[in-house]
Amino acid sequence: MKTSIPKAYDPKKVEDAIYEQWESSDLFKPDSSATGKPFTISMPPPNTTGILHIGHAMFVTLQDIMTRYARMNGRKALWLPGTDHAAIATESRVDKDLIDETGKSKHDLGREDFLKKVHAYIKDSQGTIKNQIRKMGASCDWSRERYTLDEGLTRCVQEVFIKMYNDGLIYRGNRIVNWDPKMQTTVSDDEIEYVEKKTPFYTFKYGPFEIATARPETKFGDKYVVMHPDDKRYAKYKHGEQFEADWINGKITATVVKDESVDPEFGTGVMTITPWHDTADFDIAQRHKLDREQIIDLNGKLLDIAEEFKNMEIGEARPLIVEKLKHKGLLIKTDNEYINKVATSYRGGGIIEPQIMEQWFVNVDKPARTWKGKKRSLKEISIDAVKSKDIDIIPSRFKKTYFHWMENLHDWCISRQLYFGHRIPAWFNKNDKTDIKVGIQSPGKEYEQDQDTLDTWFSSAMWTFSTLLDEPKKDDTIDSWIKRNKILGTDLATFHPTNVLETAYEILFFWVARMILMTTYVVGEIPFKTVYLHGLVRDKQGRKMSKTLDNGIDPLEMTQKYGADATRLSLVIGTTPGNDTRMYEEKIAGYRNFVNKIWNIARFIIIYRGGTRKFDEKTLADKWIESRLQNLIKEVTNHYEQFEYSIAGEKIYEFLWHELADWYVEISKQQDHTLAPQILLEAIKLLHPFTPFITEEIFQMLKKEKLVDSKDEWLMTSTWPKAQAKIIKPKIENDFSALQELITEIRDLRATYHLSYSQKLNAVVTTKKYKKLFQDQELVVEALTKVKIQVLPSKPVKREEFIRAHTSHFDVFIKLSAKKFKQQSQRLSIEKEQLEQYIEVLEKKLANKEFIQNAPPDIVELEKKKLQDAQNKLRKL
RNA sequence: GGGCGCUUAGCUCAGCUGGUUAGAGCGCUACAUUUACACUGUAGAAGUCGGGGGUUCGACUCCCUCAGCGCCCACCA
């Protein structure tokens, strides 16, 4: 045997070269000649800080599958890539590196110099992640790549800010925010992690009351005691009543406040409040218009009010304060087993200290835009977009989560005290703090720009449309800019709303919800039609992959070792949307074997390159495999449409390996079965979105060997297979006696040739005898289905025996299970009987006049429907 | 405190709106091998679908309940 085709497929030799050819041939750009509807996916922009991890590999694979499928179906498919500046993540990363290297922090460097460092860092890492996405085979249009901080997007962010400000949706408010003393910035609610920690829990005497706290250091200024209005124990104290109490630094005049948020069951049912440093207390203070006072400064140190403890760190002061109170005889007890949830910054790791600060907020409750004929708030529009099914979420259970979150949405704090990010386009009058102007240009010398930058998610929220806008004109507002794009028919007009947003369920709130909120408001249309949420990739034990555990699987190492195709398959097959999945090397190795199997089918076909038989002389095996293929095309296409990629992949896998390789290719060793190249071609088209590299490579090989006749230059841009309409109609009607004969024959054959090894019956049917009846294998299938015998592609019998016995008239295998057949017919008759009984009962019931007259009409209807259903089912049997 | 999810073969997981025999991959057992492929083939063993109750002619599937595990949200001082 002479061939240069190696026995094992080597992805390393193939993948990069193919990717380069695709890219240089501009195949990733939406084809302007495509006649189908546009199809768009905005790639969730990975952080610029990152290297590709398995989670990225997951989304790259899924989105690539969607895009390639759409492209092969003739749609103008655009997958728009980009990166995100990830303000807080990047800034803390660069700052940390800086401190490690030079001992200086970003504040030592100052804004300008620090930003230079950041940009240098970004430039470096941006390239890395992009190349890694390429390695996975992503067919995204790099010519349209965007970055959240590039000029156009920055302008878009600024214009949207201005529009929202002018609409009164952005306001400057004095509210309690999560302050990170370590990073010196506010942190969004979503970026906080509550870490459980054992903290001593003290009970102190406070006037006539006992109050409990885990944070005595915040209590200096406490001058309100709050209790539930219905708490009988404290009924004698009236709301607003005042009393004197000895406290940390001497006498204090305290006021009684009654508020329903207090849980009488917890502790003593009485508490004092610290509105400046506690969100709950802040709310109570808001409700009753109470005084509030700052106790702790922005560096986490105590202020003047603490007197002797002034300038102390919290941790340092706490035991001393407790000691002082103990001396005064005010400490009643200490609970050392108390578990407190400490708010910690998800990014920086520092402990969050709530503070009241002036910040920019987005008002989510103010009527903002006309939506479906009514002026509604951002919150209402966002809820409606999903309720009305304009946007669908897969899996649907996340809709509930989405509504729950949206309904409880508070105003969104969007300012951050960071250097890196979009600088807020607001200007403060140096002489008059109440004079604030909003705009891109400075309104005059006496103004200076807000030092703060915007929350990363504020810009990410615009991702679907900001990336599609053209260059802005000098005096564009966001409205004029969008309008012009729509009129000119630019990318925004063509590709927005996008079709699918594919992302991890983790960021449903961070991102998905905010995109819906922002896009509906700014553009007046939904950002995407379908949200497809994938789960987390965990390790084999189900743990999260993390650096500290060192249990991560590096997708690049895997592509190096097993190929991108195998890695992709392992990420999609066996996973379901919204559920976490476990990843381990053996799994990838398994799919590498499958990829190699396909390679060897092709190798076989090329080496033994077909026979002399013409295509119109199809054997039953040919017809069989063809009909199986038709079936596959139908099923798989359907699964693709339903976003059921795991099932689609499994079915193609099953077909290629167990039907085409194990069965059709096996028996074609005995006879020419020249259809193999065509069948293989169609099957690899179906598989192409999953495993783009091997399928393209095989296509090119088959073409080169002239084994397939295709006008397409690339498999990637070839047309999706269409299932043929059924041509052959079975003509046999009631010839069950012939069928019986056939079954007897099958059993005889089994006995004669010892064809089975256990209860299963492997049978070989010759068509000679039944030629007239079963001219076509389809008819055999049809006939056997009528008596409920399942017809499957058979596992061949031992080769020697089967060759000796049947070489001349072997045509098709039919595998029957004797046991199953028996069980089935039994079950069938039982089922029939049951149904008949049931129908009888229902009929009697419906014939009963008393029942008809007395029962509620809907019940009668229901019974009627039940009867109909049962009758239908019986007919089917 | 509210909400959501998971529990199916030794392991990792499919199983959609209730209806043929509960499936796959890996692993395991036996056999095969001048073979397109050992990254192989054939055959096989292995599951009271977490427990209990209910609805139904019929439940892995729907409802209730209990148990274990996990996640998200929330202002328990």
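A, B, ... follow the sequence lines: proteins, then strands. Residue 1 opens every chain.
- When the P atom of G3(B) is taken as reference, atom NE2 of H404(A) falls 8 Å away, rounded to whole Å.
- A602(A) comes within 4.0 angstrom of nothing in the nucleic acid, heavy atoms only.
- For E407(A) and A74(B), the CD to C1' distance is 15 Å, given to the nearest whole Å.
- Considering only the side chain of M271(A), A77(B) comes nearest among A77(B), C75(B), C39(B).
- With hydrogens and angles disregarded, no donor-acceptor distance shorter than 3.5 Å links the side chain of H288(A) to the backbone of L290(A).
- Counting only distance, with no hydrogens or angles, the side chain of N408(A) and the backbone of H404(A) share a donor-acceptor pair below 3.5 Å.
- Picking from C37(B), C73(B), G41(B) the nucleotide with the shortest atom distance to the side chain of F509(A) gives C73(B).
- At a cut-off of 3.5 Å, with distance as the only test, no side-chain donor of T530(A) or D392(A) sits close to an acceptor on the other residue.
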message: Both atom distances under 3.5 Å, Watson-Crick or G-U wobble: I'd like the secondary structure of RNA chain B as a dot-bracket string, with | for pairs made across strands.
response: (((((((..((((.....[...)))).(((((.......))))).....(((((..]....))))))))))))....
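- F604(A) has its CZ atom 6 Å from the P atom of A36(B), to the nearest Å.
- For L536(A) and C4(B), the CG to C1' distance is 15 Å, given to the nearest whole Å.
- The same atom, P, is picked in C26(B) and in G58(B); the two are 39 Å apart, to the nearest Å.
- Comparing the C1' positions of U48(B) and A22(B) gives a spacing of 13 Å, expressed to the nearest Å.
- Taking the side chain as every heavy atom from C-beta outward, T268(A) and Y234(A) approach each other to under 4.5 Å.
- Judged by distance alone, with hydrogens and angles left aside, the side-chain atoms of D565(A) form a donor-acceptor pair with the main-chain N or O of I694(A) at under 3.5 Å.
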message: So if I define the base as every atom that isn't primed, P, OP1 or OP2, how would nucleotides 5-15 of chain B read as a B/S/- string at a heavy-atom cutoff under 4.0 Å?
response: S------SSSS
message: For E353(A) and R215(A): C-alpha separation, side-chain torsions, deciding distance, then whether salt bridge (charged side-chain N to carboxylate O under 4.0 Å, His left out) applies.
response: CA-CA 12 Å; E353(A) 187 65 65; R215(A) 303 201 54 192; 2.9 Å; yes
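- Residue W657(A) places at least one side-chain N or O closer than 4.0 Å to OP1 or OP2 of G41(B).
- At the heavy-atom level, V262(A) lies under 4.0 Å from base atoms of the strands shown.
- Ring pair F398(A)/Y505(A) is parallel by interplanar angle, where below 30° counts as parallel and above 60° as perpendicular.
- Taking atom NE2 on H658(A) and atom C1' on C37(B), their separation rounds to 14 Å, with Å as the unit.
- Note: Y640(A) and Y645(A) have perpendicular aromatic rings, judged against thresholds of 30 and 60 degrees for the angle between ring planes.
- Atom-to-atom, CD1 of I588(A) to P of C26(B) comes out at 15 Å; the value is rounded to the nearest Å.
- One C1' atom belongs to U56(B), the other to C64(B), and the distance between them is 16 Å to the nearest Å.
- A heavy-atom distance below 4.5 Å is found between the side chains of K258(A) and M227(A).
- Each of L330(A), T203(A), V270(A) was compared with E210(A) under the side chain to side chain contact (heavy atoms under 4.5 Å, CB included) criterion, and only T203(A) meets it.
- Separation of the P atoms belonging to G18(B) and C60(B) is 13 Å when rounded to the nearest angstrom.
- Distance H277(A) NE2 to C76(B) C1': 20 Å, rounded to the nearest Å.
- Nearest nucleotide to the Y653(A) side chain, out of C75(B), G25(B), U40(B): G25(B).
- Contact between the side-chain N/O atoms of K597(A) and the OP1/OP2 oxygens of C37(B) is not found at any separation under 4.0 Å.
- To the nearest whole angstrom, the two C1' atoms, one in A14(B) and one in U8(B), are 10 Å apart.
- As a whole-Å value, the separation of I507(A) CD1 from C73(B) P is 14 Å.
- Of the C1' atoms belonging to G52(B) and C11(B), the separation is 28 Å, rounded to the nearest Å.
- Here the nucleotide nearest the side chain of T213(A), chosen from A77(B), C37(B), C75(B), is A77(B).
- Spacing between C72(B) and G15(B) at atom C1', rounded to whole Å, works out to 26 Å.
- Test W599(A), F693(A), Y562(A) against Y9(A) for ring-ring contact (aromatic ring centres under 6.0 Å, His included) and you get one pass: W599(A).
- Taking the nucleotide of RNA chain B with the nearest heavy atom to each of K219(A) and A589(A), the more 5' of the two is matched to A589(A).
- Using atom P as the reference point in both A46(B) and C4(B), the two lie 40 Å apart (nearest Å).
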